[in-house]
Amino acid sequence: MRRQKMDARGTRVSQATRYMALVAIMVTAVVPWAGAVKAAPADAQDSVVTLAPRLRFLPLEQQQSPVDISARAQSLMNYRIIETGAEAPSAYVVSGSEGRLISGAGDQVLARHVEGRSGQRFGIYTPGTLLKDAQGNALGQVMIRQGVARLKRPGMPLSTLTIEKSPREVSAGAQLMALDDWTPPAQLMPQATPEGTQGRIIDRPGDGHMVGLRDIVVIDLGRHQVAPGMRLRVLGEAEGVTDPVTGESLTLEGGVLGTLMIVRTFEQASLALVTRAGLPMATGDRVEAASDD
């Protein structure tokens with residue numbers, strides 16, 4: 001009977017040994033993921049391993065979705081700013097073929113002061129707003145493209161050009177400029193605007209002063225202050241009211257009207273796209289760095 005008990009105990013010890021070996025293998029495999037492993041001191045006959053897994057929390061980066069601006073690409077290419085101090089365009093349309101004053105796509109026009117080679121393409125522009133900051137300092141001249149023409153025959157004093165495309169009629173006096181090589185990206189990744197950045201909407205090219213969703217606007221911040229992708233919120237002007245009971249003057253904060261995204265920068269001004277419009281906006285409204293949503 002005593003021998004049988006010893007055999008039985010010997011069997012139990014053997015099973016415990018195999019179990020501990022299996023645990024040791026599992027611990028080796030789990031350590032890289034489990035976090036931390038604590039081992040209790042082993043006694044003379046047996047050892048116990050205690051697992052104490054801990055969860056490690058890693059910060060998740062805020063994900064930003066790119067903004068698709070491809071639908072406004074053509075409009076963005078139609079707006080251009082002549083920097084302050086830059087030479088104004090000298091070439092202009094004198095008349096259409098056969099003395100016509102208004103021309104369209106496929107027609108030929110005569111122009112003066114055109115410098116270029118045969119086959120070169122030019123943009124046909126009309127001047128827009130003369131941009132100024134809040135202090136009245138000139139920031140540049142908006143130019144609105146009316147069409148594209150190709151130089152057919154250079155000449156002095158008149159050159160002949162063929163209008164390739166023009167959604168609007170081209171009239172005498174329209175200015176010619178070599179085409180801009182800037183092409184808007186299909187998408188822009190939003191990025192943070194430096195804290196403290198402030199400015200104003202100073203123009204809505206060719207479309208009046210009211211501003212709505214997906215409109216293109218000009219702001220009085222240049223490439224040294226903002227970059228494509230930066231977001232700005234539009235703020236309404238504070239409104240003063242008088243309490244009819246106490247006669248006290250009170251101020252109603254304007255609040256956030258919408259959000260802009262910078263699309264193209266110039267030296268002293270930038271083009272921006274309205275990406276969110278909660279309330280009506282207009283030229284003259286203030287803009288500032290947008291906080292993360």
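These numbers were taken from a predicted model, which means no experiment stands behind them.
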> Does V142 share a hydrophobic cluster with L76, counting links as ILVMFWY side-chain heavy atoms below 4.5 Å and allowing steps through other members?
Replying inline: yes

> Can you find a heavy atom in the side chain of P89 that is under 4.5 Å from one in the side chain of L176?
Replying inline: no

>> Minimum heavy-atom separation for L188 and P185, please, with both atom names.
In response: CD2-CG, 3.8 Å

> Taking all atoms of both residues into account, what is the closest heavy-atom pair of D215 and G212, and its distance?
Replying inline: OD2-N, 2.7 Å

> Would the number of heavy atoms belonging to other residues, nucleotides or ligands and lying under 6.0 Å from CZ of R153 be above 12?
Replying inline: no

> Can you tell which of L271, V274, V211, L260 makes a side chain to side chain contact (heavy atoms under 4.5 Å, CB included) with I216?
Replying inline: L271

> Should I81 and V226 be counted in the same cluster of Ile, Leu, Val, Met, Phe, Trp and Tyr side chains packed under 4.5 Å apart?
Replying inline: no

>> Taking W182 as the starting point, is it possible to reach L179 by hopping between hydrophobic residues whose side chains are less than 4.5 Å apart?
In response: no

>> If I compare all heavy atoms of A138 with all of K132, which pair ends up nearest, and what's the gap?
In response: CA-CG, 4.3 Å

>> On a heavy-atom basis, which atom in G96 and which in S103 lie closest, and how many Å separate them?
In response: CA-OG, 3.4 Å

>> When you measure from the side chain of R72 to the backbone of R214, do you find a donor-acceptor pair of N or O atoms at a distance under 3.5 Å?
In response: yes

> When you look at Y79 and I144, which way does the side chain to side chain contact (heavy atoms under 4.5 Å, CB included) test go after all the steps?
Replying inline: CA-CA 5 Å; Y79 301 138; I144 304 174; 4.1 Å; yes

> For the hydrophobic clusters of this structure (ILVMFWY residues joined by side-chain heavy atoms under 4.5 Å, transitively), does one cluster hold both L273 and F266?
Replying inline: yes

> Are the side chains of E288 and R233 in touch, meaning some heavy atoms are under 4.5 Å apart?
Replying inline: yes

>> Pair L232, I262 - check side chain to side chain contact (heavy atoms under 4.5 Å, CB included), show working.
In response: CA-CA 8 Å; L232 297 156; I262 303 298; 3.7 Å; yes

>> Let's go through M143 and Q141 carefully: what are the C-alpha distance in whole Å and the side-chain angles of both, what is the deciding distance for side chain to side chain contact (heavy atoms under 4.5 Å, CB included) to 0.1 Å, and is it a yes or a no?
In response: CA-CA 6 Å; M143 301 296 289; Q141 172 76 62; 3.9 Å; yes

>> side-chain hydrogen bond (donor to acceptor under 3.5 Å, both in side chains), that's the test. Do Q268 and H224 meet it? Break it down for me.
In response: CA-CA 8 Å; Q268 300 181 80; H224 302 293; over 6 Å; no

> So, do M77 and R145 sit near enough that their side-chain heavy atoms are less than 4.5 Å apart?
Replying inline: yes

> Is E267 reaching over with its side chain to a backbone N or O of E83, donor-acceptor style, under 3.5 angstrom?
Replying inline: no

>> If you apply the rule side chain to side chain contact (heavy atoms under 4.5 Å, CB included), what do you find for R200 with D285, and how did you get there?
In response: CA-CA 6 Å; R200 285 185 180 273; D285 285 339; over 6 Å; no

> Which value, rounded to the nearest 0.5 Å, describes the distance between Q191 atom CD and M261 atom CE?
Replying inline: 8.5 Å

> If you round to the nearest 0.5 Å, how far is CD1 of I124 from CG of L161?
Replying inline: 7.5 Å

> Heavy atoms, side chains only, cut-off 4.5 Å: are F122 and V148 in contact?
Replying inline: no

>> Check whether S166 reaches the backbone of Q146 with its side chain - one donor and one acceptor, N or O, closer than 3.5 Å.
In response: yes

> Can you list every pair that meets salt bridge (charged side-chain N to carboxylate O under 4.0 Å, His left out) and has a residue in residues 175-194, with sequence neighbours left out?
Replying inline: D180-R264

>> Give me the atom names and distance for the closest heavy-atom approach of A105 to E164.
In response: CB-O, 4.0 Å

> Nearest 0.5 Å, what's the CD1-CG distance between I82 and L139?
Replying inline: 14.0 Å

> Under 3.5 Å, is there a donor-acceptor pair between the side chain of T242 and the main chain of S249?
Replying inline: no

> Quick one: are L131 and D220 in side-chain contact, heavy atoms under 4.5 Å?
Replying inline: no

> How far apart are the closest heavy atoms of A289 and E195, and which atoms are they?
Replying inline: CB-CA, 4.4 Å

> Given side chains that start at C-beta, do those of P154 and V114 come closer than 4.5 Å, heavy atoms only?
Replying inline: no

> To the nearest 0.5 Å, what is the distance between CD (E115) and CE (M156)?
Replying inline: 8.0 Å

>> What I'd like to find out is whether the side chain of S171 reaches to under 4.5 Å of the side chain of V93, using heavy atoms alone.
In response: no

> If you measure from CG on L130 to OG1 on T84, what distance do you get to the nearest 0.5 Å?
Replying inline: 7.5 Å

>> Between V287 and I201, is there a side-chain heavy-atom distance shorter than 4.5 Å?
In response: yes

> Can you get from I219 to M210 by hopping between Ile, Leu, Val, Met, Phe, Trp and Tyr side chains that sit under 4.5 Å apart?
Replying inline: no

> Counting N and O atoms only, with roles assigned by atom type, does the side chain of T259 sit under 3.5 Å from a partner on the main chain of T275, one being a donor and the other an acceptor?
Replying inline: no

> At what distance, to the nearest 0.5 angstrom, does OG1 of T160 lie from CG of L110?
Replying inline: 5.0 Å

